[in-house]
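Bear in mind that the values here come from a model prediction, so they are computed numbers and not experimental data. Here is how names work: the chains are called A, B, and so on, in the same order as the sequence lines, proteins then strands, and each is numbered from 1.
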Number of protein chains: 2
Amino acid sequence: MISTKQLVYFDAVARLKHFGRAADECAVTQPALSMQIQEMERDLGVSLVERGRTIRLTDAGEEVATRAARILQDIEGLTDFASKRRATLTGRLRLGVIPSIAPYLLPTVLPELQSQYQSLELRIRETLTEYLVAQLDDGTLDVALLALPIDEPKIETLSLFEDRFLLASPTDAPAPRRKMARFEDLDEVPLLLLEEGHCLREQALSFCTLRSIENADSFGASSLSTLVQMVASGMGHTLLPEMSVDLEAARNKVRVTRFEAPEPSRMIGLAFRKTSPLKADFEALGAVIKATQPPPPKV
Amino acid sequence: MISTKQLVYFDAVARLKHFGRAADECAVTQPALSMQIQEMERDLGVSLVERGRTIRLTDAGEEVATRAARILQDIEGLTDFASKRRATLTGRLRLGVIPSIAPYLLPTVLPELQSQYQSLELRIRETLTEYLVAQLDDGTLDVALLALPIDEPKIETLSLFEDRFLLASPTDAPAPRRKMARFEDLDEVPLLLLEEGHCLREQALSFCTLRSIENADSFGASSLSTLVQMVASGMGHTLLPEMSVDLEAARNKVRVTRFEAPEPSRMIGLAFRKTSPLKADFEALGAVIKATQPPPPKV
DNA sequence: GACATTTGATCAGATTATCTTATGGAATAT
DNA sequence: ATATTCCATAAGATAATCTGATCAAATGTC
């Protein structure tokens, strides 16, 4: 089969009409180039060059030269394409995000990503952890932003930061006896939760005693936003991730109270296939996400 | 630089999604293929394949696969093109012919060539030997059909057949004393010739004695056809190449007489650059021309 | 949960391809 | 006639590539 080397050598001969100078241009000796051209002619079964004091391409040689030049251009195009892709976070990246993160992080993360990585084409999909993991697995997603841990052998994760839970209560409830909330407070009024499948629901439950679990609303809300509105209307209280507080508490009349140490929290991180060669990109992505978080947690 | 081998290997991987089977298809061992793919990824600086129990192309890999497939197609196209050109007498062939041959040989040669070599694209140019030789030299012509010998160091020739000269005289001249003509007969009436530059003129003169040369018309005719008409009108006589007799003598009232042995003749042949790699084609061309000639010379 | 299977990576040695240096022959220029 | 240019050839050196054996990880089986 014709090699790219032969195409390069022949292209030089076709342009320079001189074996010696072509060899110079290709940084090889003249015999090396001559032999490759001969080999190429043998391969193709056609004379390409008419050798004499001054050389001339045959009719077939002219056509082959045209085709060779185009092929070389295409190979160069391939290399150029790759060198653009070489930089981290370029090209298409399919990112999945869980619903209890997306509305709070994306508004700040996306502009930052776009400004730092102009050639990044993000495709974002928002759904439950379970589906995100399945889509990572089948290659539909490259990476997912969600709450850790993820228990799936094929998946590798990267922890980013902790997101603490705060207690959200109706403003018309009796004023809190303490400045800080305790887990026991969850037992006193009904605990409102997201619907089944949201990891936030399970996490919240994990902080509750058995008695408060009985208090939990079995019909969950379909979004945090709804949940907070329910709290505001006095239906119960809930746990609110810190990242959502600014947005959700601001537009609803709820009282938000920090828990006593040890504060409950969830770990936010990225998940991707162990086999993915894009780990470097995901680390860069993680760095951007981390950087957009309000820096030091006030203690 | 990316080699065609790498493109072939990667193309197989991209299609089969399996290193082992791709290696089989490429008739190499799996480590050989794996190493080439790795080398390619290093060259491009981009991961192309995500390795796992089942492999998957990266986003960049998909694009590279598309480009690779196209490049391979183009290389195949180049090879196909060459294999079509491999046959003799295909593609463009620029043939020069002298005026004292063209009108007599081409009408029979061309149809024969076209039927034997459908893919031959003949370009024919008719002019004097001197210009044909110059055009061979500068590459404007591939081959010329003319009268030999050609004295030019860069030019090689191929003899085809002898074309005898016959004496053409006016029919109203006194009846010939003998059945066969002799060179001395040329001395008796004015000898008509083609204009300067036609080889036929020089050849005719070479058979004449000094005296007959004095008889020669100094204003030559511009074509054999004209020349014969001049003979027919009684202005003199001339030498006629045998190949032209059928056509020219038939439509003019001239008496054509064969010479006594040794008959004067010219050698018809092909001329081409010594360096031309198309010699095999020219031999095939010569064979066709020879075959269209009336076979055995009547003695 | 232990075990056999499959898959691609790695390694050392063998092989093949390619290159370099030196030389030759033909054509051209001085 | 001599020197020069230019491509071809030959032999030995170098570099690229391949093979065969082995490994580690992941998967599927019993």
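Within residues 131-140 of chain B, no residue has any heavy atom under 4.0 Å from DNA chain C.
By the side chain to side chain contact (heavy atoms under 4.5 Å, CB included) test, A:Asp163 pairs with A:Phe161, A:Pro241, A:Glu242, A:Met243, A:Arg266, A:Ile268, sequence neighbours left out. When the salt bridge (charged side-chain N to carboxylate O under 4.0 Å, His left out) test is applied to A:Lys279, the partners found at least two apart in sequence or on another chain are A:Glu156. For the side chain to side chain contact (heavy atoms under 4.5 Å, CB included) test, residues two or more places apart in sequence or in another chain that qualify with B:Gln6 are B:Ile2, B:Ser3, B:Gln36, B:Glu39, B:Met40, B:Asp43. Residues forming a side chain to side chain donor-acceptor pair (under 3.5 Å) with B:Ser34 (at least two apart in sequence, or on another chain): B:Gln30.
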A correct 5'-to-3' footprint of nucleotides 5-11 of chain D, with B, S and - meaning base, sugar-phosphate only and no protein heavy atom under 4.0 Å, is SSBBBB-

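The residue among B:Pro153 and A:Val28 whose nearest nucleotide of DNA chain C lies closer to the 5′ end is A:Val28.
At least one side-chain nitrogen or oxygen of B:Tyr9 sits closer than 4.0 Å to the OP1 or OP2 atom of D:dC18. The phosphate of D:dA16 (OP1 or OP2) has no side-chain N or O of B:Gln36 nearer than 4.0 angstrom. For D:dC18, one of the phosphate oxygens OP1 or OP2 lies less than 4.0 angstrom from a side-chain nitrogen or oxygen of B:Lys5.
With B:Arg125 contributing its side chain and B:Leu141 its backbone, the two residues share no donor-acceptor pair below 3.5 Å.
Note on B:Glu121 versus B:Arg85: no salt bridge recorded, every NZ/NE/NH1/NH2 to OD/OE distance being 4.0 Å or above.
The side-chain contact (heavy atoms from CB on, under 4.5 Å) with A:Leu93 is formed by just one residue from the set A:Val143, A:Ile124, A:Asp281; it is A:Val143. A side-chain contact (heavy atoms from CB on, under 4.5 Å) with B:Arg21 holds for exactly one of B:Glu25, B:His18, B:Lys17; it is B:His18.
A:Lys154 places its NZ atom 13 Å from the C1' atom of D:dA25, with the value rounded to the nearest Å. The NZ-P distance, from B:Lys274 to C:dG25, rounds to 17 Å in whole Å. Atom CZ in B:Arg56 sits about 15 Å away from atom P in D:dA26, given to the nearest Å. Put simply, CG on B:Leu16 is 15 Å from C1' on C:dG8, counting in whole angstrom units. With rounding to whole Å, B:Leu33 atom CG is found 9 Å from D:dC18 atom P. For the pair B:Met40 CE and D:dA16 P, the interatomic distance rounds to 18 Å; values are reported in whole Å. Protein atom CD of B:Glu39 is 15 Å distant from nucleotide atom C1' of C:dT10, rounded to whole Å. Taking atom CG of B:Leu48 as the reference point, atom C1' of C:dA9 lies 17 Å away to the nearest angstrom.
Judged by distance alone, the side chains of A:Thr58 and A:Glu50 never bring a donor and an acceptor atom under 3.5 Å apart.
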